[in-house]
Amino acid sequence: MMADPAPLPKIVVLASGSGTNLQALIEATRERDFPGEIIAVGCNRPGAFALERAAQANIPTFVIDHTKSDSREAFDASLMAELHRHNPDVIVLAGFMRILTPDFVRAFRGRMLNIHPSLLPAYTGLNTHKRVLEAGDKVHGVSIHFVTEELDGGPVIAQSEIAVNPDDTPETLAERVQQQEHMLYPIVLRWFCEGRIQLSANGVQFDGTLLPKPMRLADS
Ligand code: GRF
């Protein structure tokens, strides 16, 4: 008799908006050999289209409406309770527009990933495409990092860059950066689920070796 296969790592995706990254992850995890399973999608906005995408894919959803929480701590406590209920191996932030409290972040240290539309450490925070244009940068891109207490400041696992063209607008940049996001996030999540990437005290370990710099997928 064959032994039962090992259970797949459990993934919870948190999103706030349209959920195009969620969609890319749903499609990737549907592939037969993907080493993880999205067991739930959580949102802080009841109307987020990400919820619709999850429902279409028959993935359970939950909503913690931040406008109904008295404080950031109360919101995080509700979110934490919901996450404990699902007991995920990894939490994937995919356009989740809430700043999490340090206690929350510490509770999931090494198990929470975020995607950010810039080549970190450049341009933490919002409006990255506009700021890249204003600065006259020639390259831009996307970063995937472990979440730590520092906003958009956790060790970067992988990046993908795009060239900035003279006629680019924030919208055209956003579109090309998102194409890179949709390609890169499934790759990094696969690595995580395969146990290939870990957060150590000194940074990101890949296959047991400290990464001297983020993995880079260049625009082709
Ligand atoms: C992405 O650009 C991501 O980098 C940022 O929020 C956006 C989410 O987009 N953190 P979507 O909801 O996945 O379409």
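Counting starts at 1 for both ligands and their atoms, following the listed order. The first residue of the sequence shown is numbered 1, and numbering continues consecutively from there.
- Relative to atom 5 (C) of ligand 1, the option among Pro117, Ser18, Ala48 with the closest non-hydrogen atom is Pro117.
- At under 3.5 Å, a nitrogen or oxygen of Ile115, whether backbone or side chain, sits near a nitrogen or oxygen of ligand 1.
- Put simply, the side chain of Ser143 gets close to the backbone of Ser118: a donor and an acceptor are under 3.5 Å apart.
- Every atom of ligand 1 with a heavy atom of Glu181 under 4.0 Å away is listed here by number and element: 1 (C), 2 (O), 3 (C), 4 (O).
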For residues 34-55, tabulate all N or O donor-acceptor pairs below 3.5 Å that involve a side-chain atom, not counting sequence neighbours.
unit_1: Asn44; atom_1: OD1; unit_2: Ser16; atom_2: OG; d: 2.7
unit_1: Asn44; atom_1: ND2; unit_2: His66; atom_2: ND1; d: 3.0
unit_1: Arg45; atom_1: NH1; unit_2: Ser16; atom_2: O; d: 3.2
unit_1: Arg53; atom_1: NE; unit_2: Ser18; atom_2: O; d: 2.5
unit_1: Arg53; atom_1: NE; unit_2: Gly19; atom_2: O; d: 3.2
unit_1: Arg53; atom_1: NH1; unit_2: Gln23; atom_2: OE1; d: 3.2
unit_1: Arg53; atom_1: NH2; unit_2: Ser18; atom_2: O; d: 3.3

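- If you look at Met97 next to ligand 1, there are no close heavy atoms at all, none under 4.0 Å.
- Atom 12 (O) of ligand 1 has Gly19 N, 2.8 Å as its closest protein atom, hydrogens excluded (heavy atom only).
- Taking the ring pair (Phe, Tyr, Trp, His ring centres under 6.0 Å) definition, one finds that His129 meets it with His140, sequence neighbours left out.
- The shortest distance between side-chain heavy atoms of Asp137 and Tyr123 falls below 4.5 Å.
- Protein heavy atom nearest atom 8 (C) of ligand 1, with residue, atom name and distance: Gly95 CA, 3.6 Å.
- When each atom of ligand 1 is checked for a heavy atom of Thr20 under 4.0 Å away, the hits are 11 (P), 12 (O), 13 (O), 14 (O).
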### Task
Verify salt bridge (charged side-chain N to carboxylate O under 4.0 Å, His left out) between Asp89 and Lys10, making sure each step is shown before the conclusion.
CA-CA 5 Å; Asp89 296 292; Lys10 292 185 281 186; 5.5 Å; no
### Task
Might you work through the salt bridge (charged side-chain N to carboxylate O under 4.0 Å, His left out) test for Arg30 and Glu27, ending with a clear yes or no?
CA-CA 5 Å; Arg30 270 187 185 147; Glu27 277 154 31; 5.2 Å; no
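- Looking at atom 9 (O) of ligand 1, its nearest protein heavy atom turns out to be Gln178 NE2, 3.1 Å.
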